[in-house]
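In this chain, numbering begins with 1 at the start of the sequence shown. Remember, predicted model here, so these are calculated numbers, not experimental data. Every heavy atom of this structure was used, including side-chain atoms; hydrogens, water molecules and symmetry mates were not.
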Amino acid sequence: MLARIFRPSKTAMQSGKAKTKDWVLEFEPSAARRSDPLMGWTQTSDTESSQVRLSFETKDEAVRYADQHGIPFQLFEEKPAKRIIKAYADNFAFGRKVPWTH
C-alpha cells in the first residue's frame, strides 16, 4: 500500500495558514469508491486509506516513520507560494494597463 507524504495547502475557505505547518502521511486508496444504490452516498471497504492520517512536525520524521515500518511512499515537496504584491492605489493609477470602468 502506497503512502503520500505532503504538506497540506490552505483551504479556499480560510485566509490564514492554519493546519498547514505539519507534514501529513496518508495512504493511497486501494479500491475505488462506489455509489450506494439506495442513498447515493459514496462508500468504500478500504478503511486504512480513508481513516488513517498521521501528522508529523517535520518531513524527516514522516520519512523516518515510513522507512521504519516498511511503508512505500511518495514524497511531494511543497511549492513556494507565488506572491503578487499589490496596493489598493494601483487600481486608480494613471498608467494602468487595463482601463478601470464599471
- Student check: side-chain heavy atoms of Asp67 and Phe73 closer than 4.5 Å: yes
- Query: In terms of heavy-atom contacts, does CD of Glu57 have more than 12 from other residues, nucleotides or ligands at under 6.0 Å?
  - Reply: no
- In terms of the angle between their ring planes, are His69 and Tyr65 parallel, tilted or perpendicular, with boundaries placed at 30° and 60°? tilted
Ignoring hydrogens, what is the shortest heavy-atom contact between [X] and [Y]? Give both atom names and the distance.
X: Leu75; Y: Val63; answer: CD1-CG2, 4.4 Å
X: Ser9; Y: Thr20; answer: C-CG2, 3.7 Å
X: Arg4; Y: Phe76; answer: CG-CE1, 3.7 Å
X: Asp22; Y: Pro8; answer: O-CD, 3.3 Å
X: Val24; Y: Ser55; answer: CG2-OG, 4.4 Å

Linking I/L/V/M/F/W/Y whenever any side-chain heavy atoms sit under 4.5 Å apart, do [X] and [Y] land together?
X: Trp41; Y: Leu38; answer: yes
X: Leu25; Y: Phe6; answer: no
X: Leu54; Y: Leu2; answer: no

- salt bridge (Lys or Arg N to Asp or Glu O under 4.0 Å) with Arg7: which residues, sequence neighbours excluded? Glu78
- Query: Restricting to pairs with a member in residues 29-41, which pass salt bridge (Lys or Arg N to Asp or Glu O under 4.0 Å), not counting sequence neighbours?
  - Reply: none
- Query: Which is it for Phe27 and Ile71 under the side chain to side chain contact (heavy atoms under 4.5 Å, CB included) test, yes or no, and what are the steps along the way?
  - Reply: CA-CA 9 Å; Phe27 291 100; Ile71 302 170; 3.8 Å; yes
- Query: When rounded to the nearest 0.5 angstrom, what is the spacing between CD1 in Ile5 and CG in Asp60?
  - Reply: 10.0 Å
